[in-house]
Amino acid sequence: MTSGNDLHTNVRTSDVKLQEEKRRLALLEESLCRSNALTSGMVATLDNFERKLKSLDELVTPVYEATNELRLLLNNVDQSLSLVDSVLHYYDICGELTQTVSSGPGGDLTDYLAELDRLEDAVKYFKRVTAVAERERVTQLYDVGRKRLVDETDKLILRYANPLSSKEIMELCEAASTGTHIDIHSMQEADMATLRAIIEWFSSHGFRQGLIDSYATKRGTMIRRSIQLLEEHLRKTSIRRGSTNLLSASPNISQHGYSGSHTLRKQGGKLGEMGRRLIRSPAAPTLPRGINASLSSSISAIDDGMTFESSDDRDTANYKYLLDAFIALLQRDRDLLNYVFPKELQSLVFTKLIELPLVYMREEAQSLCESIERLPHKLDTGKFAVYGIFSILKWFLKSRPTFSKLYQESDIARRQQFTTLSATFEQSAVACLRGILDEVRLDTSPPSQGGNVHPLTSHVLAFMEGLLAYEDTATIIASIYVEQEQGTSNIAPSGTEKGLYDLGTYFTQLVRWLHTSLAKKTDGYPSRHDTTIRAIFLLNNVNYLLKRLENSPILVIIQRCQSDLKCKYEDDFQMSLKDYTKCYTPLIIAIQQMLEYDNVNRLSDGKLRDRDREQLKESFASINSAIDNLRQQCQEYIVSDVGLRDRLRNEGKKLILEMYKTYYTKFANKDFTRHREKYIRYDPTVLELTIDNFFEHRL
C-alpha cells in the first residue's frame, strides 16, 4: 500500500513539471516570433539608411576634392611668394648692409655677426645660381665684413701687446715665485669676451687658421720683445764674466792654486747629500808655505768680494733669469688662452705662440754656450761659467712639472719644444767636460817652484768638488759623455746608479790625466839629475790628492768604477818617498866608508897614524859637505802640508840618525886634529835639529 502511494505521488509530480516546461516553451516561441518581426523591421530601416548615405556621399566627395585642390594651389602660391621675397632679399642685401658692414662691429658685435651670417647665406645662394655680378658684390661685401672683424681682433690684441719693461717682468717673476697674482697689462673682461666671440665665429665658419696665426704671432712677438728688453737690462747692469775677472785679477792665485773648500763655500745653490759632505771647516785648507802675507790678504779680499757671486757665471745667471721670465710670460698667456680660445684650440695656439720667443731663447742659448766653450782655462777661472751651464740644466730638471702644466695631457709630443733648449746646454756641458780633460792632458805649464803642489792639481780637485753641487745634472751629462766616447746610445733614460758610475768614469779619467801630466812636468826641472826635486813634486801632489779624496764623496764615486785607485796612488806615494830618501845617500856612503875603513884598519883610541888622521879629516869633511848640501837642498824645496813635512823629516831621521850616532860616538873623540870645530860641526843633536828645519822655506 505504501509503495502504491509513492508511485502515484511521483506521477503527479512529473505531470506538474511537464506542464511547466510546456508553458515555458510556448513563451519562447512567442518571443522568437516577436524577435523575427523586429529583425525584419531593423533590416528594412538599415537598407533605407544605406541608400540615403550612398546618395549623400555621391553629393559630398566632389566638393571635398575641389576644396583640396584649392588648398594646394594656395600653398603653392604662398611658397612662390616667399621664395620671391627671399630671392629679392638676396638681391637687396648688399644695399641694405653695405654701410653697416663697412663701418665694422663697433660696440654691437652680436648684431654685426648676425648680419655677416645673412651675408654668408646670400653668398651660398648666389653660388647656386648664375647671377655672377650679384655673387661678386655679395662676396666682396662679405670679405669686407670678415676683414673688419680681423681688424677688430688685431686692435684688441695690439691693445695688450706692448712689451713689458724689465721692471714689470721682474715683478711678474717675483709674483710667480711667491704664488701671488698681479695684473700687468691684463686684458679687460669685456675685451676678452669680444675676442672670444669673434674667434668662435671664425672657428665655426672655417676661418680659424688665419686668426690663430695673427694672434699667436702678435703675442709671441710681445713675449720675445719683453725678454729682449730684460736681457738688455741685465747686460747693462751686470759685470760680464764677473767671477772670472775677479779670479784672474791676481796671477799669484793661478800659481799657487785655489782651495776647493773656498769654492764650495761660494756655491749659491743647495748642495746634494753627497755635495754637502764636501764642505769643510774654514781652518781645514792651508795655503802653500812660502805664500807671503800680501798674497794671503789678496785672496781674502777676493773671497770677500765674491760673496755677491754664486759659483754660477754671471751670463748663465742672467740666462736663468730669462728662463724664469720666459716661463712667467708663457704662463700669463696660457691663462689668457683659457678665456679667449675654445679648449680644442688652446694647445694649437700655444704651440704657435711659443715659436718666436723660443727661437730667441735658443739663439741666446747657442750664443752663451759657444762663448763658454771658447773660454780658456775652464778648469780654473772659467769653471764658474761651466758650473753655470750645469746650474741651467738643474733649472730645466726642476722645471719639468712647470712645463707639464703649460701643456695639456694630450700634448706630450709638443713638450719636445723645450727639449731643444736643454739639449743645447747638454751638448755644451759635454763639450766642456771634454775640453777640461784636454786642458789637463795638454797642460804645458812648468812644474811648481820648489816642488810645491801644482795649481793643476788643486784646480782639478776643486772642479770635481764644485761639480758635485750639481750632482743630479752632472750624472746625466756624464752618461751622455760616456755614451759618446764609447759610441753607444741608450734609448731609455739612465738610472741613478748608472749616472753615478759614469760620473765616476769621468772623474777617474780626469785624475789619471792629472797624474800623467804631473809625471811629465817633472822633466821640466832644470837639474835633470836631481831626482829629489822630482820626488818632492810628486809627493806634494799625490799627498794633496789623497788628502782631498780622503772621506770625500768624490772617492766614493770614483770607486764605483775603479776601486783600487786610492791604493794605486798610495803605492805611487811610497815609490816617490823611496826616491826622496836617496838624497841621504852621499851622507850614508861617507859614514859607511869610514866604518869600513875602521873595520879594516882598527883605529887606535890613542895616538893615530898620519893616514888615519887624514882619513878621519876627509871623512868628517865629506860628512859636513853632505849635510850642508842636503840642508841647502831641502831649504829650497817647498812642502806645504805639515803632515807630509813631518813624515819626510822622520823618514830622514829614521834612516840616518842611528847610523850617525854610531859614527859620531866612534870617531868624534879621536885625536885627529887640533881644529876640531872645523871638522866636527854636527853632533847627533845638531843633525837632528838641522833635519827638523828642512823645508822651512822662506821667500
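Heavy-atom basis, side chains included; hydrogens, waters and symmetry copies ignored.
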S.K.: Among all residues two or more places apart in sequence or in another chain, which pass the salt bridge (charged side-chain N to carboxylate O under 4.0 Å, His left out) test with R512?
M.R.: none
S.K.: May I ask you to say whether E651 pairs ionically with K654, meaning some side-chain N is under 4.0 Å from a carboxylate O?
M.R.: yes
S.K.: Quick one: do the Q427 and E373 side chains pair a donor with an acceptor below 3.5 Å?
M.R.: no
S.K.: Any carboxylate oxygen within less than 4.0 angstrom of a Lys/Arg side-chain nitrogen, looking at D579 and R534?
M.R.: no
S.K.: Which pair of non-hydrogen atoms, one from S448 and one from H454, has the smallest distance, and what is that distance?
M.R.: OG-CA, 3.0 Å
S.K.: With a 3.5 Å cut-off and sequence neighbours excluded, list the donor-acceptor pairs that the side chains of residues 622-631 form with protein atoms.
M.R.:
{"from": "S622", "atom 1": "OG", "to": "E618", "atom 2": "O", "distance (Å)": "2.8"}
{"from": "N624", "atom 1": "ND2", "to": "F620", "atom 2": "O", "distance (Å)": "3.2"}
{"from": "N624", "atom 1": "ND2", "to": "Y679", "atom 2": "O", "distance (Å)": "2.7"}
{"from": "D628", "atom 1": "OD1", "to": "R681", "atom 2": "NH2", "distance (Å)": "3.0"}
{"from": "D628", "atom 1": "OD1", "to": "Y682", "atom 2": "OH", "distance (Å)": "2.4"}
{"from": "D628", "atom 1": "OD2", "to": "R681", "atom 2": "NH1", "distance (Å)": "3.0"}
{"from": "D628", "atom 1": "OD2", "to": "R681", "atom 2": "NH2", "distance (Å)": "3.0"}
{"from": "N629", "atom 1": "ND2", "to": "S625", "atom 2": "O", "distance (Å)": "3.2"}

S.K.: If you count heavy atoms of other groups shown closer than 6.0 angstrom to CD of E677, is the number above 12?
M.R.: yes
S.K.: Of T516, T457, V511, L514, which is the lone residue that meets side chain to side chain contact (heavy atoms under 4.5 Å, CB included) with V440?
M.R.: L514
S.K.: Should D641 and R647 count as an ion pair when the cut-off is N to O under 4.0 Å?
M.R.: no
S.K.: Could R434 and D438 be called an ion pair, given the rule that one side-chain N must be under 4.0 Å from one carboxylate O?
M.R.: no
S.K.: If you draw a 6.0 Å radius around NZ in K568, do more than 12 non-hydrogen atoms from other residues or ligands fall strictly inside?
M.R.: yes
S.K.: Can you tell me if Q633 and Y637 form a side-chain donor-acceptor pair at under 3.5 Å?
M.R.: yes
